[in-house]
2 protein chains.
Amino acid sequence: MDRLLQMEVFAAINDSGSFVQAANRLRMSPPAVTRAMNALEERLGVQLLTRSTRQLALTDAGARFLDASRQLLFDIDTAEKQAVGETGVAQGHLTVSASMTFSQMIAAPVVRAFLASHPRISVSLVAVDRVTNLVEEGIDVAIRIGDLPDSSLMAKRLGMVRRLFVASPDYLDRRGIPSEPSDLKLHSIIGFTGIMPSHDWHYKTKAKRGHVHLHPRLDVNDAATALAAASAGEGITMALSYMVADQIRSGTLVPVLEEYTPHAVPIHLVYAQSKLVAPKVRAFLDFSADRLRTKIEGTDMESL
Amino acid sequence: MDRLLQMEVFAAINDSGSFVQAANRLRMSPPAVTRAMNALEERLGVQLLTRSTRQLALTDAGARFLDASRQLLFDIDTAEKQAVGETGVAQGHLTVSASMTFSQMIAAPVVRAFLASHPRISVSLVAVDRVTNLVEEGIDVAIRIGDLPDSSLMAKRLGMVRRLFVASPDYLDRRGIPSEPSDLKLHSIIGFTGIMPSHDWHYKTKAKRGHVHLHPRLDVNDAATALAAASAGEGITMALSYMVADQIRSGTLVPVLEEYTPHAVPIHLVYAQSKLVAPKVRAFLDFSADRLRTKIEGTDMESL
DNA sequence: TCCATTAATTCCACTTTTTGCAATAATCAA
DNA sequence: TTGATTATTGCAAAAAGTGGAATTAATGGA
């Protein structure tokens with residue numbers, strides 16, 4: 001039984017507050033966590049954690065060992081990175097997180113290309129629509145949309161993202177191009193709950209602000225479906241700029257009411273620390289940054 | 001593969017200078033050492049050691065990682081001891097070293113009693129006739145005969161040891177009691193090469209000094225055999241005091257020429273460090289010190 | 001140059017450990 | 001008491017680790 005893993009399990013239990021969550025965090029089964037913890041206590045000959053099914057409490061010895069464990073795990077990680085330095089082979093397992101849609105539409109192809117060119121690296125692409133905690137959830141790189149809070153994380157800017165109304169050229173030929181928000185009431189709207197959960201659209205420009213209540217004829221919660229419908233000329237839908245960058249470039253979709261959707265937020269590649277980046281992480285950052293930028297650019301603020 | 005063991009193997013290889021010796025030190029097989037080293041390099045993605053059958057050399061990364069490993073292994077050991085503190089159960093494996101004869105005659109019975117009263121501890125009793133290096137050879141407790149050099153080791157004094165001539169009472173009745181060294185020439189000598197490799201005995205008292213050349217009729221390299229012969233009345237032999245303590249107490253053997261064999265040296269239980277002694281070591285020290293003292297005392301200098 | 005020697009490595013059959021699922025036990029809130 | 005949740009154990013399958021023997025490689029001496 002790996003003694004370092006025992007310490008990692010012990011730390012994870014205390015971080016997450018339960019055996020099951022520690023198991024998830026470490027991608028182990030709950031029995032494995034139980035056994036690791038038992039083995040650690042057995043080996044040290046002292047109880048570290050008094051536990052019932054509903055309550056966990058550190059013993060004195062446990063509290064002492066927990067502090068030491070955290071420090072040691074950090075030291076070991078540092079030592080390994082320092083020793084390896086720049087010379088190391090990019091290998092091992094990499095965990096990348098992004099929002100569900102971004103992951104599907106943008107990140108996945110880049111990750112697949114990355115896997116193809118780095119045979120010794122495996123990747124977990126975690127698609128979750130919430131802000132992830134890199135260290136706690138063991139994520140190496142996250143793609144974050146929105147302004148970044150100050151933090152100890154490093155970030156590479158990939159571009160800007162904003163919400164856009166889009167429709168196909170033939171639809172606009174048939175139904176006309178809306179020139180102000182209220183015109184939308186005369187149009188066929190394809191609702192996308194992922195971006196616009198309510199059907200009220202609040203807009204704000206330099207000149208004016210207001211809102212329209214939209215009545216979608218079709219309402220879906222999947223970006224690809226909404227965009228397919230829009231491309232087929234079924235109506236106007238709202239999308240995030242990166243989702244439609246390609247179609248706008250190729251002319252399959254056309255943005256409308258652009259002056260009413262100016263608010264753009266940055267999108268970043270985010271990763272922990274600045275020094276001692278593991279080769280696998282460095283490799284992913286180097287590989288993906290340009291590719292992601294290319295995929296994202298073209299429909300952001302500057303294109304207005 | 002235990003990552004800590006990998007670091008231990010790496011350190012041991014560098015300490016001992018070869019895979020085979022590292023294997024011996026860690027009580028592993030050479031294949032296991034090779035595999036641990038390969039796994040470590042594989043995991044880090046960098047070569048630590050360039051090796052041929054005759055030459056080992058650290059790479060730059062290896063040198064960095066070696067320093068860090070040694071420090072970390074020490075830190076982990078410390079952390080575990082600190083966390084466990086006094087509360088820990090005495091358990092695990094204990095390695096005790098002593099000279100061949102002391103081990104057989106004195107230490108082994110005490111170790112057996114210790115095992116019986118500490119079911120969770122196992123013991124390696126290493127009987128070697130050389131000074132062992134506690135840390136390098138992974139020995140927890142050593143029994144040392146002779147003056148101790150200043151060192152970082154802790155010691156418990158068990159008593160004094162000196163060389164003695166002994167014979168059985170009936171032999172002395174028959175052949176007379178020697179009163180000075182030259183009388184030995186008229187006696188039947190049982191040589192014991194363990195204590196007296198040459199047959200020249202150099203003696204020195206306050207009054208005089210000199211030497212006699214002895215002609216043993218029987219010469220053995222095993223203490224038990226020599227003492228058995230002496231007990232059977234076959235002659236005079238030289239023994240270390242602890243070997244004959246019991247027989248002298250019981251009268252089976254009688255020391256002779258005591259004024260010519262005054263030089264006594266101390267005997268100690270030696271162990272590493274003063275703080276953070278592992279419970280298993282503490283238990284052995286507590287258990288064995290008195291018992292060993294009892295077995296040793298009675299024929300040392302003070303009994304003259 | 002070749003050979004004997006020594007040390008690391010690989011091969012292989014075997015043993016031990018580890019694994020996760022499913023069932024169970026324990027706890028607490030309602 | 002019940003229901004929900006969580007830790008633990010039993011068990012069979014899978015994986016990893018094991019050391020002895022054979023192999024390979026390097027080196028110093030003949």
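Just so it is clear: chains get the letters A, B, ... in the order the sequence lines come, proteins before strands, and each one is counted from 1. A quick note: this is a predicted structure, and the numbers were derived from the prediction, not measured.
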Using a cut-off of 4.0 Å between protein heavy atoms and nucleotide atoms, how would you tag nucleotides 3-8 of chain D 5' to 3' with B, S and -?
-BBBSB
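- Listed for the A:Ser97 side chain is no donor-acceptor partner under 3.5 Å among the backbone atoms of A:Ala142.
- Within the 4.5 Å cutoff, side-chain heavy atoms of B:Pro279 are placed close to those of B:Val84.
- Rounded to whole Å, atom P of D:dG17 lies 14 Å from atom CG of B:Leu40.
- Per the geometry, CG belonging to B:Leu26 stands 12 Å off P belonging to D:dT18, to the nearest Å.
- The closest donor-acceptor contact from the side chain of B:Arg64 to the backbone of B:Gly62 lies at 3.5 Å or more, if one exists at all.
- For the pair A:Arg112 and A:Phe114, the cation-pi test (distance below 6.0 Å, angle within 45°) is failed.
- Within 4.0 Å (heavy atoms only), A:Met1 reaches sugar-phosphate atoms of the nucleic acid but no base atom.
- At whole-Å resolution of the value, CG in B:Leu5 and P in D:dA16 are 16 Å apart.
- Counting to the nearest Å, the P atom of D:dG17 and the CZ atom of B:Arg3 are 12 Å from each other.
- Of the N and O atoms on the side chains of A:Gln6 and A:Asp2, not one donor lies less than 3.5 Å from an acceptor on the other residue.
- The CD atom of B:Gln6 sits 14 Å away from the P atom of D:dA16 (whole-angstrom rounding).
- Between A:His93 and A:Ser122 the shortest heavy-atom distance is ND1-OG, 2.6 Å.
- The CD atom of B:Gln55 sits 14 Å away from the C1' atom of C:dA8 (whole-angstrom rounding).
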